[in-house]
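Take a look at the structure below.
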2 protein chains.
Amino acid sequence: MANTADKSPNAVATTRADLVFTDLRQRIVEGLVVMGSKISEPELARHYDISRSTLRDALSRLEGCGLLERKANVGYRVVTLSTEKLLEIFRVRESLEGMACNLAAKNMTAEQIAELKSLLTQHEQNESLQQGEAYYQKEGDLDFHFKIVFGSGNGLLIRLLCEELYYLVRMYRYQFGMASPRAKKAFREHHNIIQAIEDKDGELAEILMRRHISASRLNVEKRMNTL
Amino acid sequence: MANTADKSPNAVATTRADLVFTDLRQRIVEGLVVMGSKISEPELARHYDISRSTLRDALSRLEGCGLLERKANVGYRVVTLSTEKLLEIFRVRESLEGMACNLAAKNMTAEQIAELKSLLTQHEQNESLQQGEAYYQKEGDLDFHFKIVFGSGNGLLIRLLCEELYYLVRMYRYQFGMASPRAKKAFREHHNIIQAIEDKDGELAEILMRRHISASRLNVEKRMNTL
DNA sequence: TATTAAATAATTGTCGACAATTTATTATGG
DNA sequence: CCATAATAAATTGTCGACAATTATTTAATA
């Protein structure tokens, strides 16, 4: 229950590079490895007490996740987040999760839907006091989206969203602090999405999800313009 | 004009691993490295006359593109394409390229649109004789989609589609032979999409692109059911 | 002093070797 | 003969060292 996102089969890391990959990913997401900073391979290798080869294995995988960037003969840097990039992510999520929702309406089992419902009400109660911020910070929101993407049954969608984009999203929330005034609204929107899925109305579910994400994007755009 | 897809800045490969990465990618796409086959690191390293470390660097990047799969302590395999996976790709393209089209309608310059138009009429004339198949095989179709995605101006979209998915799409076309009866229709659909983009009607452009891709998917689904 | 050039230091790219694990082969027993 | 266990071979994971490139510092010149 701790971390919402382990790759299904790969939950247990078997190799040293796996360990470092997972640990470093978390540290980047949380900002312990400062964003935009250069990765010193010798230093990091010492820190983990592994060889550079092993470290590089982990680093190249992090690059695949979009958390690191690499330039030949220069090295790796932690990705630099910007408002522009955040907006790009929103657009991609809008289209991808919209599709996921559409497919979820067709493919989710009754059990899965029930799980989703219980997850939402559980979140609603546990955190109705600690307004808003906690919901986003503690990643309850992403749990919800995660389950829907999974429910789509589309392996490629799952890979793109759950194994790549969502880590970037977490990174933003940790470091930019997504304290949004949308918490209450978000709950209601989640409810409506579930309803559409339950009704097997894929088209509506897609529209609702797109609006749901689009609203977050507009929120950021608005805040950006006032700065 | 040879290859439609080099990463903009990285056109020239500077390092040995880059070279191997690019070459191996092409060989996998074309099926010269048989799909589903296991990668023998010692053998491939000998083939390219490089060390395993350098090869592994290339392999891990190929994994990031979704062309290779890796299992700890077992090694890399070329991805195995299936009709199911192809349908998954279509769904993702439908949503992603739909969004790209929407954004392209907002962001493409007059010049870019003119280029797109000339590309299409050029393709139309050059290959109107060599019916259908050539258009898909020679990747004229992907060129068109490529330019639109680029026109969206969304870096993430560009990365996901042009640097990952499109290589898988090419792989399918090379190895499954996408001889479709849709060539004529496809041209008309492309024209309509351009028109919508020119009219700055993002919403319509998105719908048209989604239908365009969806039609290809339905085509595959139909053929699958008759087998 | 500011700018450029040379020399030095540090980092990445590449290599070959060994250890750990998996796969293939052979041996053993029912 | 088949199934299982032990052994051998091959493959991947990991390591440390050297070469090539980049970054930094020092020296030289205007």
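Both backbone and side-chain heavy atoms feed into the values below; hydrogens, waters and symmetry mates do not. Proteins get letters first, then strands, A, B, ... in listed order; numbering begins at 1 in each.
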Are A:Arg159 and B:Glu164 ion-paired here, with the side-chain N under 4.0 Å from a carboxylate O? yes

With a strict under 4.0 Å distance from non-hydrogen atoms of chain B, what nucleotide opens and what nucleotide closes the contacted stretch of DNA chain D, reading 5' to 3'? D:dT11 to D:dT14

Report the residues that fulfil side-chain hydrogen bond (donor to acceptor under 3.5 Å, both in side chains) with B:Arg77, sequence neighbours left out, ordered by chain and then residue number. none

Going by number, which of residues 67-79 of chain B have a non-hydrogen atom under 4.0 Å from DNA chain C? B:Asn73, B:Val74

Contact list please: residues 36-45 of chain B against DNA chain C, heavy atoms, distance less than 4.0 Å, in numerical order. none

Base, sugar-phosphate or nothing for A:Arg52? Non-hydrogen atoms, less than 4.0 Å. base

Can you name the side-chain contact (heavy atoms from CB on, under 4.5 Å) partners of A:Ala114, sequence neighbours left out? none

Quick one: closest heavy-atom pair of B:Val79 and B:Lys85, and the distance? CG2-NZ, 4.0 Å

Over all strands shown, is B:Arg16 touching base, sugar-phosphate only, or nothing at heavy-atom distances under 4.0 angstrom? sugar-phosphate

Salt-bridge contact A:Arg170-A:Asp141 (side-chain N to carboxylate O under 4.0 Å): no

Do B:Arg223 and B:Thr226 have a side chain donor and acceptor closer than 3.5 Å? no

Less than 3.5 Å apart, any donor N or O on the side chain of B:His190 or B:His212 sitting next to an acceptor on the other? yes

For A:Arg27, which of A:Thr22, A:Val78, A:Leu32 qualifies under side-chain contact (heavy atoms from CB on, under 4.5 Å)? A:Leu32

Tell me, which pairs form a side-chain hydrogen bond (donor to acceptor under 3.5 Å, both in side chains) where one or both residues lie in residues 97-108 of chain A, sequence neighbours left out? A:Arg93-A:Glu97, A:Glu97-A:His145, A:Glu97-A:Tyr166, A:Asn102-A:Lys106, A:Asn102-A:Glu206

Touch class at under 4.0 angstrom, heavy-atom based, for A:Thr54 against every strand present: sugar-phosphate

Quick check: closest heavy atoms across A:Tyr76 and A:Arg56, and the distance to 0.1 Å? OH-O, 4.4 Å

